[in-house]
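Presented below is the structure to which this report refers.
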Amino acid sequence: MRELMDKGQVMTTEELKVIKMPKEEAMAYLEVEEPIKSMTRETIIEKTGLYGRRMMDYLEENQRDKMVFRMSRGLLLPEVEKRVKEAKDLMISLEKKYLKEHLNSQMDYLTTVKIRNQARMTAEEIAMNQIIYQPL
C-alpha cells in the first residue's frame with residue numbers, strides 16, 4: 001500500500017479501510033504477525049526464577065549460540081517456562097514418592113525434618129539433571 005501512496009495512485013476503499021483500522025485489527029486483517037520482541041537474559045530469569053537462572057547458566061556454558069539465537073527471536077522464554085514447569089511438577093511427584101517410602105508415624109521430629117530435606121534435595125537433583133540441564 002505504501003508503494004501506491006508514494007506513486008500517487010488512487011487507493012481502493014478496501015485499502016482505505018485498512019489504513020483507518022486500529023493496529024491490531026489491521027494486522028489481523030492483513031494476516032501479519034506482530035514482531036516478536038527479543039528478551040534479555042535478565043528478563044527471562046526474572047520471569048522464571050531460580051530454575052530459569054540455572055537453565056540459562058547451563059545454556060550459556062554449553063549452547064551459547066542456540067541460546068542467543070532463540071533469545072533474539074523471542075523463542076527462549078516459552079521453552080524455559082515450559083521446562084521450569086515440568087521440573088517443578090517432577091520435583092513434587094518425586095518428593096511425594098520419596099516421602100511415602102521413607103516416612104512413618106513412629107519417627108521423631110528431627111528425623112522427619114531430615115527425611116523431608118533429603119526428599120526435596122533428591123527430587124531437585126533428579127529434576128535438574130533430567131529436565132533443566134538438557135540441551136535445547
Side-chain angles (χ1 to χ4, degrees):
M1 278 190 273
R2 173 63 67 198
E3 298 85 27
L4 295 174
M5 292 171 55
D6 291 343
K7 294 179 183 177
Q9 296 178 2
V10 179
M11 296 179 73
T12 66
T13 36
E14 190 74 20
E15 293 168 336
L16 286 172
K17 283 182 193 175
V18 172
I19 289 176
K20 293 179 183 179
M21 283 182 193
K23 180 181 175 184
E24 294 80 21
E25 286 181 41
M27 291 180 79
Y29 180 80
L30 296 171
E31 298 176 358
V32 177
E33 291 184 18
E34 182 78 32
I36 298 172
K37 297 175 185 169
S38 66
M39 304 216 96
T40 63
R41 182 181 191 280
E42 289 73 28
T43 306
I44 293 172
I45 290 170
E46 183 180 305
K47 291 181 182 261
T48 56
L50 174 67
Y51 301 120
R53 174 184 297 276
R54 289 183 180 177
M55 184 173 173
M56 293 298 291
D57 290 343
Y58 170 82
L59 293 174
E60 197 163 11
E61 290 176 18
N62 298 295
Q63 291 187 306
R64 184 160 176 75
D65 294 340
K66 280 186 179 180
M67 181 192 82
V68 170
F69 175 79
R70 289 188 183 194
M71 196 182 325
S72 68
R73 306 266 182 310
L75 303 172
L76 190 59
L77 179 62
E79 176 71 23
V80 173
E81 286 176 334
K82 183 181 111 190
R83 286 202 190 178
V84 167
K85 184 181 181 324
E86 286 176 20
K88 286 181 178 180
D89 292 344
L90 179 62
M91 281 189 281
I92 289 169
S93 66
L94 290 172
E95 191 172 346
K96 284 181 182 177
K97 182 179 175 185
Y98 188 94
L99 291 174
K100 194 174 190 179
E101 292 174 6
H102 294 88
L103 271 184
N104 64 44
S105 59
Q106 304 300 321
M107 294 181 178
D108 65 348
Y109 177 74
L110 290 177
T111 306
T112 303
V113 170
K114 179 181 172 186
I115 290 175
R116 288 185 183 279
N117 285 336
Q118 286 174 343
R120 189 184 69 249
M121 289 186 294
T122 303
E124 184 176 9
E125 187 67 29
I126 291 170
M128 289 291 142
N129 289 326
Q130 288 184 1
I131 297 172
I132 300 294
Y133 298 144
Q134 292 298 314
L136 291 174

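The first residue in the sequence is number 1, and the count goes up from there. Everything numeric here is computed off the predicted structure, so don't read it as measured data. As a basis for the values below, the full set of heavy atoms in this structure was taken, side chains included, without hydrogen atoms, waters or symmetry mates.
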Requested in this report: Report the C-alpha separation of K97 and E101 in whole Å, then their side-chain angles, then the decisive distance to 0.1 Å, and conclude whether the side-chain contact (heavy atoms from CB on, under 4.5 Å) test is met.
Outcome: CA-CA 6 Å; K97 182 179 175 185; E101 292 174 6; 3.6 Å; yes

Query raised in the report: Between CD1 of I132 and CD of E124, what distance do you get to the nearest 0.5 Å?
Result: 10.0 Å

Requested in this report: Dump the intermediate steps for side-chain contact (heavy atoms from CB on, under 4.5 Å) on T122 and L94, then the final yes or no.
Outcome: CA-CA 8 Å; T122 303; L94 290 172; over 6 Å; no

Report task. Please round to the nearest 0.5 Å and tell me the distance separating atom CE of M107 and atom NE2 of H102. Result -> 8.5 Å

Query raised in the report: Does the pair M56 and M71 meet the rule for a side-chain contact (heavy atoms from CB on, under 4.5 Å), with working shown?
Result: CA-CA 11 Å; M56 293 298 291; M71 196 182 325; 3.8 Å; yes

Query raised in the report: Would you find a donor on one side and an acceptor on the other, under 3.5 Å apart, between the side chain of E79 and the backbone of L136?
Result: no

Query raised in the report: Taking the side chain from S93 and the backbone from L90, do they hold a donor-acceptor pair closer than 3.5 Å?
Result: yes

**Report entry** Rounded distance [0.5 Å steps], CE in M67 versus CZ in R41
**Finding:** 6.5 Å

Query - Straight-line distance of D65 CG to L59 CG, nearest 0.5 Å - result: 11.5 Å

Query raised in the report: About how many Å separate CG of L99 and CZ of R116, when rounded to the nearest 0.5 Å?
Result: 5.5 Å

Query raised in the report: Would D57 and R53 pass as an ion pair if we require N to O under 4.0 Å?
Result: no

**Report entry** Single-linkage hydrophobic cluster L50~Y58, side-chain heavy atoms < 4.5 angstrom
**Finding:** yes

**Report entry** Same apolar cluster: L103 and Y98, side chain cutoff 4.5 Å
**Finding:** yes

Query raised in the report: For the residue pair A123 and E95, what are the closest heavy atoms and their distance?
Result: CB-N, 3.9 Å

Requested in this report: Measure from the side-chain N and O atoms of R83 to the backbone N and O of Q134, and report whether any donor-acceptor pair falls under 3.5 Å.
Outcome: yes

Query raised in the report: So if you build clusters from Ile, Leu, Val, Met, Phe, Trp, Tyr with side-chain heavy-atom gaps below 4.5 Å, do M91 and Y133 land together?
Result: yes

Query raised in the report: Closest approach of A87 and A127, non-hydrogen atoms and distance?
Result: O-CB, 3.7 Å

Query raised in the report: What residue among R70, K66, R64 forms side chain to side chain contact (heavy atoms under 4.5 Å, CB included) with V68?
Result: R64

Query raised in the report: Atom CZ of R54 and atom CD1 of I45: how far apart are they, to the nearest 0.5 Å?
Result: 12.0 Å

